[in-house]
Protein chains: 2
Amino acid sequence: MQVASMPDWLDIVAEGDRPSRSVLILDGFVCRYRLLAEGRRQIVSFHTPGDIPDLQSLHLKTMDHNVGTLVPSKLGFISHADMHALIRRFPGLGSLLWRDTLIDAAIFREWMVGLGRRNAHQRIAHLMCELLLRFRGVGLAREYQAPLPLTQMELADALGLTVVHVNRVLRSLREDGMLRVDRTSVSILDWERTTDLAEFNPLYLHQDKDAPT
Amino acid sequence: MQVASMPDWLDIVAEGDRPSRSVLILDGFVCRYRLLAEGRRQIVSFHTPGDIPDLQSLHLKTMDHNVGTLVPSKLGFISHADMHALIRRFPGLGSLLWRDTLIDAAIFREWMVGLGRRNAHQRIAHLMCELLLRFRGVGLAREYQAPLPLTQMELADALGLTVVHVNRVLRSLREDGMLRVDRTSVSILDWERTTDLAEFNPLYLHQDKDAPT
DNA sequence: CGCTCTCTTGATAGACTTCAATGTTAGTGG
DNA sequence: CCACTAACATTGAAGTCTATCAAGAGAGCG
């Protein structure tokens, strides 16, 4: 495995690429996104250390979206050939990775529910709850505070909103005493009211390791 | 494999279930969806014959969404135990199914882009293009006409809109000569203008079987 | 110090929703 | 064959959420 340090704002893989290796995040924060006409962008996922954000390229040769860093990050690269060999040798690893892509998909679905059926307040609250639990899962968050190295524009592009509106809603949530977001972190001040507002149910994160039947 | 015929409007699997088998669609039309408070619903995917809509239950024990039929359908049930045995015996089958879940996820991402960044006209046009190509892929569509056994309310719940607005936009697209939707099918009258409007790029469907590198 | 990027706020506009009512279609039973 | 019903489709009017346009304030950086 090769290791490389990336600056913020660098594309790791772009739409149309046919990668021969996958990326393991060792440190940092990465997102996947698609671009449309007139500069519109939709961020479709965030990824934390331990994730393999472009695992799909192992079975789908052509990338249908972009993967980029959001902060300076340390990345490991594993060739698809090596991964296939490892999976052949340890079939359990294959199942684990497959399971990972399924959790990815579960998060996509939950974001779809938000984009389609939650208003701006709920979407923001929901995303913050999700990120808090995910960062906790990798030991990077305190009880109710998680790193959040995102600009409001990046939040907007993940939430399907404009920067202006994100800014206003963040202020309103802050003034309500629910949660507080700054350039580096998020604090959830009232977990119960926040999860209520967001209709947040963490089941979709499948963090319990899903004790086998 | 057991086979069963289902009426329209029946839930096959519900949120919270821990299924011990997966469903193969032999005939019909199936969707996955989540429910929120006050009767809000988001449909997150549609599935055509040949799909295994709850394949994820093979590796994620607890369902985080519902699966239901949209028309009278014929379904096959395969126990997870049998599937695991088959995959152990034919590792290539595992890769194929994994690949299927990755295409699923790619479609989720594209829907997210629509829900987040496309307006109602574009969303409808995009969904119709997608369904046409997918139905063609399983030999169920003619050149520019595909079955579409959906009410406007079901469309609305998939598109993150209200029935009223879907109705108005459908009329506008019809009057524009782009496409025509009725209770049973969709006809795309002007493919070029429709794909242009929707910014539709079929790459995400990975229908080319992704000729290996 | 000037530049750029981000955050913030106000005013205005537009897309989509909500509420309400009517028209249409298909199925059921007498 | 026709009344009757329920689900679905359609249309209008009014309201709300979010976008757009515009401008100023802070913060980081060479």
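Protein chains get the first letters and strands the later ones, always in sequence-line order, with residue 1 at the start of each. Values in this document were obtained by computation on a predicted structure and should not be read as measured data.
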Which listed nucleotide ([options]) is nearest to the side chain of [X]?
{"X": "B/T151", "options": "C/dT18, D/dA19, D/dC8", "answer": "D/dC8"}
{"X": "A/N167", "options": "D/dA19, C/dT8, D/dT11", "answer": "C/dT8"}
{"X": "A/N119", "options": "C/dT18, D/dT18, C/dT8", "answer": "D/dT18"}
{"X": "A/A120", "options": "D/dT10, C/dC16, D/dT18", "answer": "D/dT18"}

Can you tell me the distance, in whole Å, between the [atom1] atom of [X] and the [atom2] atom of [N]?
{"X": "A/L155", "N": "C/dT6", "atom1": "CG", "atom2": "P", "answer": "12 Å"}
{"X": "B/M153", "N": "C/dT18", "atom1": "CE", "atom2": "P", "answer": "13 Å"}
{"X": "A/R118", "N": "D/dT18", "atom1": "CZ", "atom2": "C1'", "answer": "18 Å"}
{"X": "B/L159", "N": "C/dT17", "atom1": "CG", "atom2": "C1'", "answer": "15 Å"}
{"X": "A/H165", "N": "D/dC21", "atom1": "NE2", "atom2": "C1'", "answer": "16 Å"}
{"X": "B/D182", "N": "D/dT10", "atom1": "CG", "atom2": "C1'", "answer": "15 Å"}
{"X": "B/L161", "N": "C/dT18", "atom1": "CG", "atom2": "P", "answer": "11 Å"}
{"X": "A/R123", "N": "D/dC17", "atom1": "CZ", "atom2": "P", "answer": "13 Å"}

Pairing of [X] and [Y] as salt bridge, 4.0 angstrom limit:
{"X": "B/D51", "Y": "B/R134", "answer": "yes"}
{"X": "B/R40", "Y": "B/D157", "answer": "no"}
{"X": "A/E110", "Y": "A/R118", "answer": "yes"}
{"X": "B/R34", "Y": "A/E199", "answer": "no"}

- Select from B/R168 and B/Q152 the residue whose nearest nucleotide in DNA chain D is closer to the 5' end of that strand. B/Q152

- May I ask you to say what A/R171 touches in the nucleic acid, namely base, sugar-phosphate or nothing, with a heavy-atom cut-off under 4.0 Å? sugar-phosphate

- Message: At 4.0 Å (heavy atoms only), tell me whether A/V164 reaches a base, stays on the sugar-phosphate, or touches nothing.
- Response: base

- Message: Using only atom types and a distance under 3.5 Å, with no angle test, would you say the side chain of B/D54 pairs donor to acceptor with the backbone of B/V23?
- Response: yes

- Query: When only distance counts, do a donor and an acceptor, one from the side chain of A/R183 and one from the base of C/dT8, lie under 3.5 Å apart?
  - Reply: no

